[in-house]
Amino acid sequence: MLGSMLQLAGDEDRRISLQTQTSCGVWPCEASGRKAACSGTEQKRVSDWYDNMDTRIRSLLASETAQTGVHIQGWVRTRRDAKGISFLEINDGSCLRNLQVVVDAHASGAELLPRCTTGASVSVWGDLVPSPAPGQRWELRATQLALIGPADSSYPLQKKGHSLEFLRTIAHLRPRSNLFGAVFRTRNRVACAVHEFFQARDFLWVHTPIITASDCEGAGEMFQVTTLKGLPGERPEDDFFGRRTYLTVSGQLEAEALACALGRVYTFGPTFRAENSNTARHAAEFWMIEPEAAFFDLQADMDLAEAFLKAMARHVLETCGEDLDFFERFVDKQVRARLTFVVERPFVRIPYAEAIRILQASGRAFEFKPESGHNLQSEHERFLTEEHFRAPVIVHDYPRGIKPFYMRLNDDGETVRAMDVLVPGIGEVIGGAQREERLEVLMENLRYHKLKPEDYDWYLDLRRYGTVPHAGFGVGFERLLMFLTGMTNIRDVIPFPRTPGHAEF
RNA sequence: UCCAGAGUAGCUCAAUGGUAGAGCAGCCGGCUGUUAACCGGCGGGUUACAGGUUCGAGUCCUGUCUCUGGAGCCA
């Protein structure tokens, strides 16, 4: 047991830093290798707790030496029987690979082997020894086997590949598949990298409301939050909050308030859109990252967006190697090449007007003719990023009429300081802007967009008192993950997707 | 919401309008330090649902449902 604990020193450090992250202010991240200072008492407490834990398979597979008295727990992926000996492939979710457990007929608990079928959970004690057969460096020679939870033949996951459509119908079990294990490990890693990126740049993580009364420039249909029973005669004033409230579609307006005090902030939380849009890129509940920074102009905003995407790509390349290999093999042969490309090459930046000129001069027969004053269609975005430039493209300075009221008006009076980052395969992954900080212009923008200034009174206060130029953007976390993993359906990068007609789990 | 495609065994898929099949999974047996193990055997179906055409429909027609892809909207 001692041997295995020594092997785990790295893990233990991470546990400790997790326990103490609030005091050091450093966001804990396995990849960062940074440790927080912590008291000896805490270290002892964590150690005591950890002594009783099993060893993660990821640590064992990375072991440099043989170990005795190892304890693992996980789920059986498959069992192969030979004469007087059985091989169990055990996965505990810590990594893509399984640990081969060798159980001979004399091992304690060997009589349980017939019930150790695919899907069953087991607890195994044994010795980590070099494997005599090719296929794996280490294997666990079991001294004791315990069956925790059997899984009968109705267990739906088989050893062979399943379609993504089928796996979606068993969203509660699909994390046990190779693919979804890899996806959700990567999701965790990227979430961690998001915090690292912003914390390293002095952005504070702020928590904006989930329940909101402002419908944020109509960024989409909203889910209403109510305690009313739908009885006749009920008025909005009778509702819980004394008014109509909704689930947030964006934390941006509130983030602006915090940015205009703390300087640099970001949100990272759930977001809800009640749009009846049924596509591979839309979910009714998703996670969004929204940095907002005082004294940033559009240029700085674009710099930040580009640095952000590059950092996320680099992080996945550097810390998700095994899972990325899996994506490259079974999901998207180009994914690693694309991430490398994103890290190494500068993004193309073109004004909207230039984008329209390129599209019009392309000679391509688009279904929708590219026309100034209209939104870029999916096919236009695809052409720019996948064919013309073959790189991420930032399109900026859009016509005023197709962008929201809060975007800063350019001196031409026609365009606003907006930017969209387009990436191959997904299209728009980031949308942002420099915000209108001039009170009079903002009021005029509200009127232009036929909105009532009195509905935005607190937001206008930010311009009445100590206004500053500021900018920000929004990133759909799941779309980011799609880009980073090569997965092509948003429902396959979020554990329990919510889409129109679906809230099953 | 619109357009297109699909729905057959637990899973992945076959089947000119003419007796619904295979591989895998499962179960039984055999073999083996195995590696998506292998070999033999067995069970497994309201062909999404409801109508219609036909001597006869998994196949053709109509409607409904579901899923997938694309579009719109967007992140």
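Note on naming: letters A, B, ... go to the chains in the order of the sequence lines (proteins, then strands), and numbering restarts at 1 for each one.
- The base of C67(B) lies outside donor-acceptor range of the side chain of R491(A), with no N or O pair under 3.5 Å.
- Scanning RNA chain B for stems, defined as runs of 3 or more consecutive Watson-Crick or G-U wobble pairs whose donor-acceptor distances all fall under 3.5 Å, gives the following ranges: B:1-7 with B:65-71, B:10-13 with B:21-24, B:26-30 with B:38-42, B:48-52 with B:60-64.
- Between V124(A) and A142(A) the shortest heavy-atom distance is CG1-CB, 3.7 Å.
- In the interface, the side chain of H162(A) is not paired with the base of C11(B) through any donor and acceptor atom under 3.5 Å apart.
- Among the atoms of the strands shown, only primed sugar atoms or phosphate atoms (P, OP1, OP2) are found under 4.0 Å from some heavy atom of S153(A).
- Summary of the strand contacts: T118(A) and I426(A) both lie near RNA chain B, and taking for each the nucleotide with the nearest heavy atom, the more 5' one is attributed to T118(A).
- S163(A) comes within 4.0 angstrom of the backbone, heavy atoms only, and of no base.
- Using a 4.0 Å heavy-atom criterion, one finds that L157(A) contacts no nucleic acid atom at all.
- Within the 4.0 angstrom heavy-atom criterion, only backbone atoms of the sugar-phosphate kind lie near E165(A); the bases stay farther away.
- Stacking between F286(A) and A75(B) is present: the aromatic ring centre lies within less than 5.5 angstrom of the base six-membered ring centre, and the two planes differ by under 30 degrees.
- Across all non-hydrogen atoms, the minimal contact from L173(A) to L157(A) is O-CD1, 3.3 Å.
- N375(A) comes within 4.0 angstrom of sugar-phosphate atoms only, judged by non-hydrogen atoms across all strands, and of no base.
- If you check every strand for non-hydrogen atoms under 4.0 Å, R79(A) touches nothing.
- Rounded to whole Å, the distance from CZ on R115(A) to P on G26(B) is 17 Å.
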